[in-house]
Each structure stands twice: as structure tokens, then as C-alpha cells.
Amino acid sequence: MLKVTAYCRVSTDSTDQKNSLANQEQFFMEYINAYDGWQYTTMYVDEGLSGTSTRKREGFNRMLDDAHEGVFGLILTKEVSRFSRNTIDTLKYTRELKEIGVGVIFINDNIDTRESTDEFRLTIMASCAQEEARKVSERVKWGQKRSMENGVIFGQKTLGYRKVGKSKLEIIPHEAETIRKIFQAYIEGEGLNTIAQKLEQESTPTAYGKKTWDATAIQRILKNEKYCGDLKQKKFITPDFLTHKTKRNKGEEEFVTLRDIIPAIISRDVFETAQAEIARRAKRPNTRYTNRHAFSGKLKCHLCGSTLVSRSTKKQKRWRCAKAIKKECAAKMVNQKVIEAEFLEWLKPMVSKLSSVEKIVCDVMEAILATPNPQANEEKIKKIKARLDYLIELRLDGEITKQEFLEKREQLQEKLKSQKKIATVEQFKPDMAAIKDRITDIVSAKVFSEEVARELINSYLHN
């Protein structure tokens with residue numbers, strides 16, 4: 001008694017197709033029972049899957065495994081295109097099955113692989129099935145492109161927006177604030193990792209509600225043109241209709257770009273400023289730009305010239321050559337204290353040019369002593385912060401230029417610093433001598449100050 005099975009594949013998982021499966025199983029049972037010496041075993045089914053690849057076709061692969069186990073000796077399928085739309089796969093698997101004594105009958109095509117003369121006909125039919133699959137793929141691509149040109153939005157969820165229908169995005173206010181915060185922080189000099197860490201510390205959710213962020217996610221947001229109102233699609237393509245593997249579009253196919261079609265979260269000027277900053281930082285070889293430390297991205301290895309990266313512990317902060325980490329350089333770690341000492345040596349010649357360190361210290365002390373009670377300044381601080389927030393909104397909305405924003409922000413930040421000094425003066429007054437000594441040490445470059453170092457280095461690099 002020859003045990004016979006059947007294989008059926010439908011390309012969608014619609015209700016009509018599911019009903020069709022029951023009809024097909026009935027057809028195969030009746031077909032097999034009509035032959036003396038044949039015994040029906042089961043039917044292997046794949047629903048909603050393409051026939052151009054066997055990689056995800058669980059029913060097909062389970063059938064091959066059972067064939068090797070001797071569960072049946074013959075497979076029935078209606079036609080070659082149901083078995084596979086890939087010529088190579090069709091010939092490969094029918095030959096593999098034939099070697100273990102399992103034949104395949106394609107009923108509608110009148111092909112039986114147990115007959116040696118039928119392989120040539122099978123090759124022709126398999127080639128026709130593959131060509132039809134190629135045409136279907138081209139028609140689908142053409143239809144998708146036309147839809148994209150008409151504003152239909154493809155792709156995954158985007159932080160800051162919710163999808164309304166097929167061609168509209170609506171801003172989610174609280175998520176939009178996260179987007180603005182990311183762009184502002186990056187433009188002001190913070191690194192990708194630093195921004196990600198701050199968002200995690202603040203428990204800011206991602207587009208999918210998770211609380212974990214990384215530099216890659218921040219960079220994708222900064223490069224996403226949707227946030228300034230544009231829609232750019234076909235960023236990923238499927239070059240081979242047989243494998244269905246996607247890859248990033250690097251110019252192989254034309255992008256579909258629509259300008260000013262989405263509600264903008266940031267102004268175009270802010271977006272372009274961020275792109276210019278990304279390009280500027282990308283020019284730094286072998287570095288990942290961060291603003292975590294005053295020396296981040298600015299220290300070079302004395303042996304190979306690679307950037308030094310921070311390797312901090314609870315007890316101490318050290319810097320190590322990026323190549324040394326990969327064992328490509330023999331440089332040893334450098335302690336933060338050594339770096340600070342060298343920085344102060346670099347700073348002392350400039351300090352020595354000051355007319356009078358003592359005069360500077362006295363002026364600072366007089367300003368501290370002349371400040372009024374801090375309680376009277378709380379309302380002023382709140383007002384300045386409110387003005388800063390409003391200024392940022394004006395900039396993000398494109399109401400003021402970048403230069404106007406920077407000038408007004410600097411003025412407000414100076415006022416805020418001044419008021420904060422006033423607000424904390426009470427706690428300093430009891431120990432003015434210690435304050436004077438500390439100011440003297442910083443001004444005369446006797447002790448290291450992280451903030452002073454950061455400001456001086458950034459000013460030096462940008463001028």
C-alpha cells in the first residue's frame with residue numbers, strides 16, 4: 001500500500017481561502033481513494049505565505065522532514081506554482097525527494113517526477129511560475145510606489161505621531177515635547193549617548209512605551225525628516241523577489257519624497273541645523289561624540305593618535321586608547337588626575353597674563369557680599385525660566401532666527417546664573433574665607449574645575 005500525501009499553499013489568509021482549503025483537502029482525498037493501492041495520510045498546508053521562498057513555509061518544511069522519515073512515498077499538488085515559484089527550489093526539492101524514493105505529481109500540469117522524461121517539462125513549468133512571481137512582484141512594487149506618491153504612509157510607528165487613516169499623521173503633544181528636547185540638546189552640544197542616558201533617567205517612553213534608549217535610537221530621530229514636515233519613503237527595498245530580504249536603499253531605487261505634507265514638530269531650520277551638526281561630528285575619525293566629560297572626544301593617544309575614551313569606576317576616572325581596548329595599541333590607561341594636571345599646566349600661561357588675580361577675586365567677593373536675601377529672588381528665577389522656555393518654543397516654531405535665539409538665550413542664562421547666586425548666598429556667607437580661597441585657586445589655575453575646563457576647551461575649539 002503506497003502512502004500518499006498532499007501539499008497545498010494559498011497566498012493569503014482570507015476567509016475565502018480558508019474555506020478553499022477544506023474543499024482542496026476533500027478533492028485530494030477523493031483523488032487518492034480513486035486509485036487502488038494508494039492510502040491517504042494527511043495534507044500539509046501553508047497559509048498566507050509566498051511561494052518564492054521555502055524559508056518560512058512551515059508546512060512545506062515539515063513535509064520534507066516527514067518524507068525523510070518514510071511517512072509517505074508520494075506527494076500530490078495541483079500545479080508547479082503551488083509547490084514553488086522558484087525554479088531552483090522546485091528542481092532542488094523534487095530531486096532531493098526522488099533520491100529518497102518519494103515522487104511528486106503535479107496534477108494540473110500532468111507531471112510525475114518519478115518519470116525521468118518529465119524533468120525537462122518540470123523545468124519549463126517552474127521557470128514559468130518564477131516569471132509569473134516576478135511579474136506579480138513588479139506589479140506590487142509599482143502599486144506601492146503610486147500609493148506613496150499619493151501620500152499613503154508605509155512603515156512603522158513614529159515617536160511623536162499617531163497614524164490617522166492611510167495618509168495622515170497627527171501630532172501626539174507629550175511625545176512631540178520629547179522630540180523637541182532631543183533636537184535642542186543635540187544642537188547645544190550634547191552627545192547621543194548622553195541624551196539617551198538622560199531620557200532613561202527621566203523614564204521617558206519610546207514610541208513603543210519602553211523606557212530604554214540608546215545612541216542609535218537618538219540618531220534615527222535626528223535624521224528623520226518627518227519631524228520638519230517631509231515624508232521620505234522607500235528607505236528600505238527588496239531587491240530580490242525570491243529571497244524577500246530587505247536592505248537599506250543606498251540609491252539603487254528612487255526615493256519617494258513629499259515636502260511639507262506632515263504636521264511639523266520642529267522647524268526646518270532646526271532640522272537642518274541638526275543635520276549640519278551630525279555632518280560636523282561625523283568628520284571626526286574613530287570617535288563617538290559625547291559631552292559627558294570636559295575632555296570627551298578631545299584626547300588623543302600619544303602612540304597611535306586614536307581618541308581616548310573614559311573608563312570610570314567608583315574610585316577613579318581613567319582614560320584609555322580606543323585601539324588599546326581592542327588590543328591594537330600598547331598604550332596604557334591614563335588617570336584623570338594626570339590629565340587635569342596637564343590641563344592646568346596648559347592654562348597657567350594664560351592665567352599669568354591676567355592683570356590681577358587678586359583684583360578678580362575681590363570683585364567676585366564684593367558681588368557676593370552685596371547680594372540681598374535669596375527669598376526675594378525666587379519669583380525672578382521663575383520668570384527667567386519661563387522666558388527661557390518661551391524662547392525655545394519661538395525657536396522651535398521658527399519665529400526667530402538661530403542668531404536671535406542664541407543672543408537672547410545667553411542674556412537670559414546670565415541673568416539666571418546671577419539670580420541663582422543670589423538665591424544661594426545665605427549658605428555661603430558663614431564661610432566666606434573658604435569661598436575666597438576656592439575662587440583664588442580656580443582663577444589662578446591651582447585646582448581643576450570641570451565646568452571651567454569645559455567652557456575653555458569648547459571656546460578654544462570653536463574660535
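In this structure, Thr194 contributes its side chain and Glu190 its backbone to no donor-acceptor pair below 3.5 Å. Looking only at distances, no side-chain donor or acceptor of Glu200 sits under 3.5 Å from a matching main-chain atom of Thr212. Glu69 contributes no side-chain N or O that, together with a main-chain N or O of Asp65, makes up a donor-acceptor pair within less than 3.5 Å. Not a single donor-acceptor pair under 3.5 Å links the side chain of Asp214 to the backbone N or O of Ala196. Side-chain N or O atoms of Tyr161 include one that pairs as donor or acceptor with a backbone N or O of Pro263 at under 3.5 Å. Judged by distance alone, with hydrogens and angles left aside, the side-chain atoms of Gln275 form a donor-acceptor pair with the main-chain N or O of Leu222 at under 3.5 Å.
Between Asp260 and Arg268, the closest side-chain pair of non-hydrogen atoms falls below 4.5 Å. Pro205 is listed as a side-chain neighbour of Lys211, based on a closest heavy-atom distance under 4.5 Å. Between Ile182 and Thr178, some side-chain heavy-atom pair lies under the 4.5 Å cut-off. In this structure, Leu199 and Ile218 have side chains that are in contact, with non-hydrogen atoms separated by less than 4.5 Å. Counting heavy atoms from C-beta outward, Ile262 and Asp230 have side chains that stay 4.5 Å or more apart. Using a 4.5 Å heavy-atom cutoff, the side chains of Met333 and Trp319 are not in contact. The shortest side-chain heavy-atom distance between Val45 and Tyr7 does not fall under the 4.5 Å cut-off. No side-chain heavy atom of Leu299 sits under 4.5 Å from any side-chain heavy atom of Thr307.
Distance check, rounded to the nearest 0.5 Å: CG of Leu388 to CG of Leu412 gives 4.5 Å. To the nearest 0.5 Å, atom CD of residue Glu99 and atom CD of residue Glu96 are 7.5 Å apart. Interatomic distance, Lys92 NZ to Leu97 CG, rounded to the nearest 0.5 Å: 11.0 Å. Taking OG1 of Thr204 as the reference point, atom CH2 of Trp213 lies at 7.0 Å (rounded to 0.5 Å). Here the straight-line distance linking atom CG of Leu169 with atom NZ of Lys157 works out to 9.5 Å at 0.5 Å rounding. Atom CG of residue Asn224 and atom CD of residue Gln219 lie 12.5 Å apart, to the nearest 0.5 angstrom.
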Start with the C-alpha distance between Glu277 and Arg281, add both sets of side-chain angles, then the distance that settles salt bridge (Lys or Arg N to Asp or Glu O under 4.0 Å), and finish with yes or no.
CA-CA 6 Å; Glu277 180 64 9; Arg281 296 185 191 185; 2.7 Å; yes
As a quick check of understanding, evaluate side chain to side chain contact (heavy atoms under 4.5 Å, CB included) for Lys198 and Lys181, giving each step before the final call.
CA-CA 11 Å; Lys198 286 185 177 180; Lys181 184 187 296 184; over 6 Å; no
Between Glu188 and Gln184, does a side chain to side chain donor-acceptor pair (under 3.5 Å) hold up when you go through it step by step?
CA-CA 6 Å; Glu188 290 183 351; Gln184 192 63 33; 3.0 Å; yes
Using side chain to side chain contact (heavy atoms under 4.5 Å, CB included), reason through Gln411 and Glu414 one step at a time and then give a plain yes or no.
CA-CA 5 Å; Gln411 293 172 5; Glu414 287 300 319; 5.9 Å; no
Let me see the working for Leu308 and Cys301 under side chain to side chain contact (heavy atoms under 4.5 Å, CB included), right down to the final yes or no.
CA-CA 6 Å; Leu308 300 190; Cys301 175; 4.0 Å; yes
Would Ser306 and Lys300 count as a side chain to side chain donor-acceptor pair (under 3.5 Å) if you check the C-alpha gap in whole Å, the side-chain angles of each, and the deciding distance to 0.1 Å?
CA-CA 5 Å; Ser306 296; Lys300 302 295 181 181; over 6 Å; no
Could you please spell out the steps behind the side chain to side chain contact (heavy atoms under 4.5 Å, CB included) verdict for Arg318 and Val334?
CA-CA 6 Å; Arg318 296 181 295 175; Val334 183; over 6 Å; no
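Scanning all heavy atoms of the two residues, the minimum distance from Cys329 to Cys304 falls at SG-SG, 3.8 Å. Asn193 and Ala215 get closest at one heavy-atom pair: OD1-CB, 3.5 Å. Residues Ala176 and Ile171 approach most closely at CB-CG2, 3.8 Å, considering heavy atoms.
In this structure Leu406 satisfies the side chain to side chain contact (heavy atoms under 4.5 Å, CB included) test together with Lys402, Arg409, sequence neighbours excluded.
The pair Arg162-Glu170 meets the salt-bridge criterion, since a charged nitrogen lies less than 4.0 angstrom from a carboxylate oxygen. Here Glu58 does not pair with Arg62 in a salt bridge; the nearest charged N to carboxylate O distance is not below 4.0 Å. Salt bridge absent: Arg180 and Glu175 never bring a charged side-chain N and a carboxylate O closer than 4.0 Å.
Gln336 and Glu340 form a side-chain donor-acceptor contact under 3.5 Å, judged by distance and modelled atom types alone.
In this structure, Arg57 is not positioned above the aromatic face of Tyr44 in the sense of NZ or CZ being under 6.0 Å from the six-membered ring centre and within 45° of the axis.
Between Tyr93 and Phe60, the gap from one ring centroid to the other is short of 6.0 Å.
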